[in-house]
Number of protein chains: 2
Amino acid sequence: MKMPTDQLTLTFAALADPTRRAILKKLTHGQKSVTDLAAPFRMSLPAISKHLKVLANAGLIERSREAQWRPCKLRAAPLKNASTWIEQYREFWEERLDRLDDYLKKLQSKEKDHDDPK
Amino acid sequence: MKMPTDQLTLTFAALADPTRRAILKKLTHGQKSVTDLAAPFRMSLPAISKHLKVLANAGLIERSREAQWRPCKLRAAPLKNASTWIEQYREFWEERLDRLDDYLKKLQSKEKDHDDPK
DNA sequence: CCTATATTTTACCAACAAGTTAATTAACTA
DNA sequence: TAGTTAATTAACTTGTTGGTAAAATATAGG
């Protein structure tokens, strides 16, 4: 038995590949067939098919059937949680806390200078 | 020779693991030693060490030295690009375009009813 | 110098990921 | 029905990931 993989992990794993990110971007311009999506890549069709399976498994695309085509459509919903998760860290990359940290470090080294001079 | 992995891929790959995400969250409360970080997990120390290497390689943590400890500090900067990338899709998960799509679909099926009745 | 503590490195393994080519399925078209 | 187009599945290879246990390294302290 394999531990089921949580949604956030599936989402980030799906995004951790340039080909898959490019596919998603292409899909922002509307529904596309597999060959449409495969076109810009120098990679076999089965390889693309696999990438699409990963995206579908992460809920990032939806597949349908239209004659012999299997059009893919973007489903961005899972990105919402991914975004929320990342946004928790905004205050950190905006360095508000880095400044606090620097301040504390400065204090600490001053204390050292005064209290514990080797 | 291996193709160098782009930053976005490194970032998303690092986030695609619940243990690593938990480590990052813990680091929002300040600098922590490896054993501190390992504490909540039933996983060997070398395993944690590996996760830290992945995070460091993605630039998400910074490591220093303090006596026999190797404290880790959160470096959220790479999350900024990840966030920007994901935010491109906000309009999609907010379904503004889904509504447009539904509208077009409805139009199309009406046309079919009128112009192409089997 | 010896020992304890903190952490990494090494060597190994099983499972998975990303790609390939060849074969197969499915649907349209003449 | 045969042929064409679209896409998937199967089988295989190669490299990576996530974990382990055991050995090695680094530092502090008696």
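FYI, side chains are in, hydrogens and waters are out, and symmetry mates aren't considered; it's all heavy atoms of this structure. Chain identifiers are assigned alphabetically (A, B, ...) following the order of the sequence lines, protein sequences preceding nucleic acid strands; residue numbering begins at 1 within each chain.
If you measure from atom CG of B/Asp17 to atom P of C/dC16, you get 14 Å, rounded to the nearest angstrom. As a whole-Å value, the separation of B/Glu66 CD from C/dT7 C1' is 14 Å. What separates CD of A/Gln68 from P of D/dA6 is a distance of 7 Å, to the nearest Å.
Within the 4.0 Å cut-off from OP1 or OP2 of C/dT9, at least one side-chain nitrogen or oxygen of B/Lys53 is found. In terms of phosphate contacts, B/Arg20 brings a side-chain nitrogen or oxygen within less than 4.0 Å of OP1 or OP2 of D/dG18. Residue B/His51 places none of its side-chain N or O atoms closer than 4.0 Å to OP1 or OP2 of D/dT17. OP1 or OP2 of D/dT8 sits under 4.0 Å from a side-chain N or O of A/Ser49.
With a 4.5 Å cut-off on side-chain heavy atoms, B/Glu66 and B/Ser33 do not count as touching.
For the pair B/Arg63 and A/Met43, nearest-nucleotide mapping onto DNA chain C gives the more 5' position to B/Arg63.
Nearest nucleotide to the A/Ser44 side chain, out of C/dA11, C/dT20, D/dA26: C/dT20. Nearest nucleotide to the B/Pro46 side chain, out of D/dA7, C/dA27, D/dA22: D/dA22.
At distances below 3.5 Å, not a single donor-acceptor pair connects side-chain atoms of B/Arg63 with backbone N or O atoms of B/Cys72.
No donor-acceptor contact under 3.5 angstrom links the side chains of B/Thr84 and B/Asn81, judged on distance only.
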